[in-house]
There are 2 protein chains.
Amino acid sequence: MSSIREAERLFSEFLEKKKQKLTSQRRLILRQALDHGGHYTADGLLDFCRKKDPTVSKATVYRSLALLKECHVLEEQDFGDGKKLYERAQGRKHHDHFVCVRCGKIIEFENEKIEELQSEEARKQRFQVVYHSLKLFGTCSRCS
Amino acid sequence: MSSIREAERLFSEFLEKKKQKLTSQRRLILRQALDHGGHYTADGLLDFCRKKDPTVSKATVYRSLALLKECHVLEEQDFGDGKKLYERAQGRKHHDHFVCVRCGKIIEFENEKIEELQSEEARKQRFQVVYHSLKLFGTCSRCS
DNA sequence: TCTCAATTGAGAATTATTCTCAATTGGAGA
DNA sequence: TCTCCAATTGAGAATAATTCTCAATTGAGA
C-alpha cells in the first residue's frame with residue numbers, strides 16, 4: 001500500500017518541521033494505526049502495538065495519537081460513550097457517521113449536499129469552520 | 001412563563017409513570033435548569049442550586065439531569081472538551097451548533113434542508129435514527 | 001563518535017461522572 | 001392526620017479515560 005508510505009512521509013515531514021523525532025515507537029504506532037481499519041480506542045491501539053513490542057507504554061500511545069491527529073493522518077471521533085475513537089483521515093474523503101446504539105456498529109456515509117448546506121449556514125453566521133461532525137444515532141437495519 | 005409550568009407537568013407525569021417521586025430537590029433542580037438559558041455543566045447547575053439550597057448534593061444533580069434528559073425536558077450536548085453541557089429541549093425546535101474553539105461561544109442554528117437530507121440518507125441505509133448531532137467547530141465572527 | 005534536546009516508561013495525578021449505603025422523606029392508604 | 005415503606009438523598013469513595021511527572025534513554029546533527 002503506497003498510502004502507508006504517503007502517511008509516513010506526511011508524519012515525518014510534520015515532525016521535522018516541529019524539530020521532533022521519528023522514533024521507533026512512533027513508527028510502530030503509526031503502522032499499527034494504519035494497519036487496523038475502522039475505529040479503535042487508544043487502549044485498543046496500545047494492545048495492537050504491544051503484540052509487536054510489549055514495552056510500548058500507554059503514555060506514548062496517547063502522545064503519538066495527539067501528533068497523528070495534529071498532522072491529519074488520523075481523526076478523532078467522539079461517540080459520547082466516554083472514550084474516543086480514532087480512524088484514518090489521510091487519503092480519505094470527509095464522511096459522517098451512523099452509530100447503532102444497540103450493537104455499536106458504525107456506518108460511514110458521504111453527502112456532498114449536506115456539506116454545501118453547512119458551508120452556506122457558516123457563511124450566514126460569518127463563522128470560519130475548521131472541522132465538523134455529524135452523527136446519527138439509532139438502530140441499524142439488523143437491530144431494528 | 002407558562003412553559004416552565006408545561007415542563008413541570010411533563011416531568012411530574014413522567015415520574016408518576018415510573019412510580020418515582022417529585023421531591024423538593026428535583027423541583028429545585030428543574031427550576032434552576034429552566035431559569036438559566038444557554039448551555040451549562042452539571043457542576044454549574046449545582047452552583048445555581050446551592051445558591052437557593054446549600055445542602056443539594058452533586059449526586060442528586062447528576063441523577064436529576066439523567067431524568068430530565070430521559071423525559072426530554074433537557075438535552076445533553078457533548079462538545080468534546082470532557083464535560084457535558086445541558087440545554088432546554090422541551091418546547092423548542094431541534095437545532096444544531098457552531099462552537100467557537102477560541103472563545104467558547106456557542107451559536108445555534110436550524111436548517112430544515114439539512115434535516116431532510118439526513119433522513120433521506122438514513123432511509124438509504126435502512127437506519128432508524130433516534131437522535132442526531134451536528135456540530136461545526138471553528139472561529140466566530142469576532143474571533144476570526 | 002559526542003552531545004543534548006527530545007522522548008520514553010512507569011506509575012501517580014487529574015477529573016467528570018457514577019456508585020454505595022445509612023439516614024431521610026414523599027405520598028398512598030388507613 | 002398518621003403510618004409505612006419504597007424511593008430518595010448527601011457524603012464521600014470508586015471508576016476510568018486521559019494527562020502529567022521525572023529520571024533514564026535515544027535519535028540525529030556537528
Side-chain angles (χ1 to χ4, degrees), chain A residues 8 11-33 39-71 74 76-86 104, chain B residues 8 11-33 39-71 74 76-86 104:
Chain A
E8 280 183 344
F11 190 35
S12 69
E13 282 174 6
F14 166 79
L15 290 173
E16 203 163 7
K17 246 177 232 161
K18 297 185 70 175
K19 298 190 195 245
Q20 299 194 194
K21 293 169 182 174
L22 182 53
T23 64
S24 67
Q25 288 92 337
R26 286 179 181 166
R27 231 185 321 253
L28 170 64
I29 290 163
L30 171 60
R31 283 284 173 92
Q32 293 307 309
H39 302 75
Y40 40 83
T41 61
D43 214 56
L45 182 56
L46 175 63
D47 287 343
F48 300 152
C49 291
R50 286 207 163 143
K51 279 186 189 150
K52 300 282 177 181
D53 173 1
T55 71
V56 184
S57 84
K58 194 174 47 176
T60 299
V61 168
Y62 274 103
R63 288 184 286 230
S64 297
L65 279 172
L67 292 168
L68 290 167
K69 187 170 65 168
E70 201 183 333
C71 67
L74 299 184
E76 188 179 86
Q77 299 292 341
D78 192 340
F79 295 114
D81 66 338
K83 52 189 75 173
K84 287 166 183 162
L85 296 184
Y86 296 85
Chain B
E8 279 183 344
F11 190 35
S12 69
E13 282 175 6
F14 166 79
L15 290 173
E16 203 165 6
K17 243 176 237 160
K18 295 185 73 177
K19 297 190 196 242
Q20 300 195 191
K21 293 169 181 173
L22 182 53
T23 64
S24 67
Q25 289 92 336
R26 286 179 182 167
R27 230 185 323 251
L28 171 64
I29 291 164
L30 171 61
R31 283 284 173 93
Q32 294 306 309
H39 302 75
Y40 41 83
T41 61
D43 214 55
L45 182 56
L46 175 63
D47 287 344
F48 300 150
C49 291
R50 286 208 163 144
K51 278 185 190 150
K52 301 281 177 182
D53 174 359
T55 70
V56 184
S57 83
K58 193 173 47 177
T60 299
V61 168
Y62 275 103
R63 287 184 286 229
S64 298
L65 279 172
L67 291 169
L68 290 167
K69 188 170 66 169
E70 201 182 334
C71 67
L74 299 183
E76 189 178 84
Q77 299 293 340
D78 191 341
F79 296 115
D81 66 338
K83 52 189 75 175
K84 287 167 184 162
L85 296 184
Y86 296 86

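Letters A, B, ... mirror the listed sequences (proteins, then strands); counts begin at 1. Just so we're clear, the structure is a prediction, and the values are computed from it rather than from any experiment.
The nearest whole Å value for the distance from the CD atom in Glu76(B) to the P atom in dA16(C) is 15 Å. If you measure from atom CG of Leu46(A) to atom P of dG11(C), you get 14 Å, rounded to the nearest angstrom. When the P atom of dT25(C) is taken as reference, atom NZ of Lys19(B) falls 24 Å away, rounded to whole Å. dA28(D) atom C1' lies 12 Å from atom CZ of Arg27(A), rounded to whole Å. Between the CG atom of Leu85(B) and the C1' atom of dT17(C) there is a distance of 14 Å, given to the nearest Å. Regarding Leu15(B), its CG atom lies at a distance of 12 Å from the C1' atom of dG26(C), rounded to whole Å. Leu65(A) places its CG atom 12 Å from the P atom of dT8(C), with the value rounded to the nearest Å. Look at NZ on Lys21(B): it is 7 Å from C1' on dT8(D), rounded to the nearest Å.
Taking 4.0 angstrom as the limit, Arg26(A) places none of its side-chain polar atoms (N or O) nearer than this to OP1 or OP2 of dG27(D). A close approach under 4.0 Å does not occur between any side-chain nitrogen or oxygen of Ser57(A) and OP1 or OP2 of dT8(C). In terms of phosphate contacts, Tyr62(B) brings a side-chain nitrogen or oxygen within less than 4.0 Å of OP1 or OP2 of dT17(C). Gln25(A) has a side-chain polar atom (N or O) that falls below the 4.0 Å cut-off from OP1 or OP2 of dG9(C). Between Arg63(A) and dT19(D) there is no side-chain polar atom (N or O) within less than 4.0 angstrom of OP1 or OP2.
Counting heavy atoms of neighbouring residues, nucleotides and ligands inside a 6.0 Å radius, atom CD of Gln20(A) exceeds 12 of them. Taking a 6.0 Å sphere around CZ of Arg50(B), one finds it holds more than 12 heavy atoms contributed by other residues, nucleotides or ligands.
Tyr40(A) places a side-chain N or O within donor-acceptor distance of the main-chain N or O of Ala33(A), the cut-off being under 3.5 Å.
Residue Thr41(A) is out of contact with every strand shown, counting any heavy-atom pair closer than 4.0 Å.
Nearer the 5' end of DNA chain D, as judged by each residue's closest nucleotide, is the contact made by Gln20(B), out of Lys83(A) and Gln20(B). Taking the nucleotide of DNA chain C with the nearest heavy atom to each of Ser24(A) and Thr23(B), the more 5' of the two is matched to Ser24(A). Where Val61(B) and Lys18(B) meet DNA chain D, the nucleotide closest to each residue was compared, and Lys18(B) sits on the side nearer the 5' end.
In a base pair of the Watson-Crick type (N1 to N3 plus N6-O4 or O6-N4) or a G-U wobble (N1-O2 and O6-N3), with each distance short of 3.5 Å, dA30(D) is matched with dT1(C). Remark: dA13(C) base-pairs with dT18(D). Criterion, Watson-Crick or G-U wobble with two distances under 3.5 Å.
Summarising the geometry, atom CD belonging to Gln77(B) is positioned 10.5 Å from atom OH belonging to Tyr86(B); distances are rounded to the nearest 0.5 Å. Here the straight-line distance linking atom CG of Leu85(B) with atom CG of Leu45(B) works out to 11.5 Å at 0.5 Å rounding.
Closest to the side chain of Ala59(A), out of dA13(D), dA10(C), dT7(C), is dA10(C). Considering only the side chain of Lys58(B), dT18(C) comes nearest among dA10(C), dA11(D), dT18(C).
Glu8(A) has no carboxylate O lying under 4.0 Å from a charged side-chain N of Arg27(A), or vice versa, which leaves the two without a salt bridge.
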